[in-house]
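Below is one structure, written out as structure tokens; comments come after it.
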Amino acid sequence: MEWKRARQAVVVVTPDWNADHGTLHTYERSNGAWREVGVRQPVMIGRKGSAWGIGLHPGGLPGPVKQEGDGRSPAGVFGIGEAFGYAEKGQTALPYAAMQASHYCMDVSASPLYNRIVDARKVGADAVAGSTEPMRLDLRTAGDQRYRLGFVIEHNPQAQPNAGSCIFAHLWKRPGDATAGCTAMADSTMDRLQGWLRPDGHPVFVLMPAEQYHNLHAGWNLPSLDEQP
């Protein structure tokens, strides 16, 4: 598997394909064995549930398939990209990008910048026309802190048209609020993740309904949910 080097895993398991919520687990691997670390936490995902995305895992699996604008979070195994936030510097070992009013994530499928976070000051205002993903939500709606801290979930890294874009782990606005396809969590959960994740741990983000995870985790060399921290 492409994640054979991974020594850190963030695992989100949901009740079924249509559930908008799940449980987040964190694992470390040493000497080939996974060990759960930290306390399991609730998270919210897409308002329509989840569907297979494009990541490190094989394609062609039975179940729904992620599409742009479907309100589902991508399921599968994904790399973890850069962290981002409103502050100038991040408290994380991950590469960190400070978001400004000019930063957008391009969710326009026909754009050559599709599924990328870009700075309109560099690419031009016309290049970000139509994006519905400004990265400084607090400057659009006072007090919106959802992107104050987050990190990129590397779904659809080749920017396949209409396959889904701009998938992040970020803060929730309120407990119980579903997302358009990201994974949202409490501030304390995100603080712990950003402080824990390390590039040299080759971390992966895994999201799946419980039945699919139960059937696939052993063959994919992913942690067993039966292990307790």
Side-chain angles (χ1 to χ4, degrees), residues 3 5-12 21-30 34-45 55-56 73-74 77-105 115-122 133-155 157 165-177 179-207 223 229:
W3 55 92
R5 296 174 64 199
R7 298 198 306 275
Q8 293 182 307
V10 179
V11 177
V12 172
H21 60 282
T23 301
L24 181 145
H25 313 240
T26 48
Y27 297 89
E28 293 182 346
R29 179 162 59 179
S30 61
W34 288 105
R35 166 178 78 88
E36 189 166 6
V37 295
V39 178
R40 300 175 181 184
Q41 297 292 339
V43 294
M44 298 301 296
I45 68 162
L56 303 174
S73 293
V77 183
F78 308 92
I80 290 177
E82 70 180 7
F84 59 82
Y86 297 168
E88 197 62 35
K89 295 183 179 180
Q91 302 299 311
T92 180
L94 295 173
Y96 177 84
M99 296 292 100
Q100 307 294 334
S102 53
H103 282 97
Y104 292 81
C105 188
N115 201 26
R116 288 173 52 193
I117 297 175
V118 296
D119 187 340
R121 295 172 301 181
K122 298 179 179 178
E133 284 285 346
M135 297 303 295
R136 283 300 298 264
L137 298 176
D138 60 323
L139 301 180
R140 269 64 181 185
T141 304
D144 192 334
Q145 298 294 302
R146 284 175 292 169
Y147 288 179
R148 181 179 65 80
L149 281 178
F151 58 82
V152 174
I153 297 168
E154 294 183 331
H155 160 69
S165 60
C166 307
I167 303 298
F168 311 133
H170 63 72
L171 306 179
W172 58 30
K173 193 171 185 178
R174 289 177 298 268
D177 280 6
T179 74
C182 295
T183 296
M185 62 196 69
D187 293 32
S188 58
T189 305
M190 179 60 71
D191 287 341
R192 182 171 74 85
L193 290 181
Q194 287 211 0
W196 172 68
L197 291 166
R198 310 182 314 274
D200 63 3
H202 305 287
V204 291
F205 184 92
V206 184
L207 187 150

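We're numbering straight along the sequence, starting at 1.
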Is a donor on one side and an acceptor on the other found under 3.5 Å between the side chain of Gln145 and the backbone of Leu171? no

If you measure from CZ on Arg29 to CZ on Arg35, what distance do you get to the nearest 0.5 Å? 13.5 Å

Point-to-point distance, once rounded to the nearest 0.5 Å, from CD1 of Ile153 to CG of Leu207: 7.5 Å

Roughly how far, to the nearest 0.5 Å, is the CH2 atom of Trp34 from the NE2 atom of His25? 13.5 Å

Is there a donor-acceptor pair under 3.5 Å between the side chain of Gln194 and the backbone N or O of Phe151? no

Validation row: Leu193, Met185 side chains within 4.5 angstrom (heavy atoms): yes

Could you walk me through whether Trp172 and Thr179 pass the side chain to side chain contact (heavy atoms under 4.5 Å, CB included) check? CA-CA 9 Å; Trp172 58 30; Thr179 74; over 6 Å; no

What distance do Tyr96 atom OH and Gln91 atom CD have between them, rounded to the nearest 0.5 Å? 9.0 Å

Is it the case that the side chain of Arg146 and the backbone of His170 share a donor-acceptor pair, with hydrogens and angles ignored and the cut-off at 3.5 Å? no

Yes or no on side chain to side chain contact (heavy atoms under 4.5 Å, CB included) for Phe205 and Thr183, after CA distance, side-chain angles and deciding distance? CA-CA 11 Å; Phe205 184 92; Thr183 296; 3.6 Å; yes

Below 4.5 Å, heavy atoms only, C-beta onward: do Asp119 and Gln100 meet side chain to side chain? no

Between Phe168 and Glu133, which heavy-atom pair has the shortest distance, and what is it? CE1-OE1, 4.4 Å

Within the 4.5 Å heavy-atom criterion, are Val11 and Glu36 side-chain neighbours or not? no

Let me have the donor-acceptor pairs involving side chains of residues 80-88, under 3.5 Å, with sequence neighbours excluded, atom names and distances please.
| unit_1 | atom_1 | unit_2 | atom_2 | d |
| --- | --- | --- | --- | --- |
| Tyr86 | OH | Leu137 | N | 3.4 |
| Tyr86 | OH | Asp138 | N | 3.4 |
| Tyr86 | OH | Asp144 | O | 3.1 |

Gap between atom OG of Ser102 and atom CZ of Arg136 - 0.5 Å precision: 10.0 Å

Side chain to side chain, Pro134 and Leu139, heavy atoms closer than 4.5 Å: no

For a 4.5 angstrom cut-off between non-hydrogen side-chain atoms, does Tyr147 reach His103? no

Would you find a donor on one side and an acceptor on the other, under 3.5 Å apart, between the side chain of Ser73 and the backbone of Cys182? yes

How about Cys166 and Cys105, are their SG atoms within less than 2.5 Å of each other? yes

Tyr104: which residues meet the ring-ring contact (aromatic ring centres under 6.0 Å, His included) condition with it, sequence neighbours left out? none

Which atom of His155 lies closest to which atom of Pro74, heavy atoms considered: ND1-CB, 3.6 Å

Which distance, rounded to the nearest 0.5 Å, do you find between the CZ of Arg40 and the OG1 of Thr189? 14.0 Å

Answer yes if the side chains of Arg192 and Thr26 hold a donor-acceptor pair under 3.5 Å, and no otherwise. yes

Heavy-atom closest contact (Leu56 atom, Phe78 atom, distance): CD1-C, 4.0 Å

Looking only at heavy atoms, what is the nearest atom pair of Leu197 and Pro203, with distance? CD2-CB, 3.6 Å

Do Arg148 and Asp187 make a side-chain contact, defined as non-hydrogen atoms from C-beta onward lying under 4.5 Å apart? yes

Do Val37 and Trp196 have side-chain heavy atoms sitting under 4.5 Å apart? yes

With side chain to side chain contact (heavy atoms under 4.5 Å, CB included) as the test, would you mind laying out the steps for Val10 and Leu24 before giving the verdict? CA-CA 7 Å; Val10 179; Leu24 181 145; 3.7 Å; yes

Check whether any side-chain N or O of Glu28 sits under 3.5 Å from a backbone N or O of Arg7 as a donor-acceptor pair, and report yes or no. no

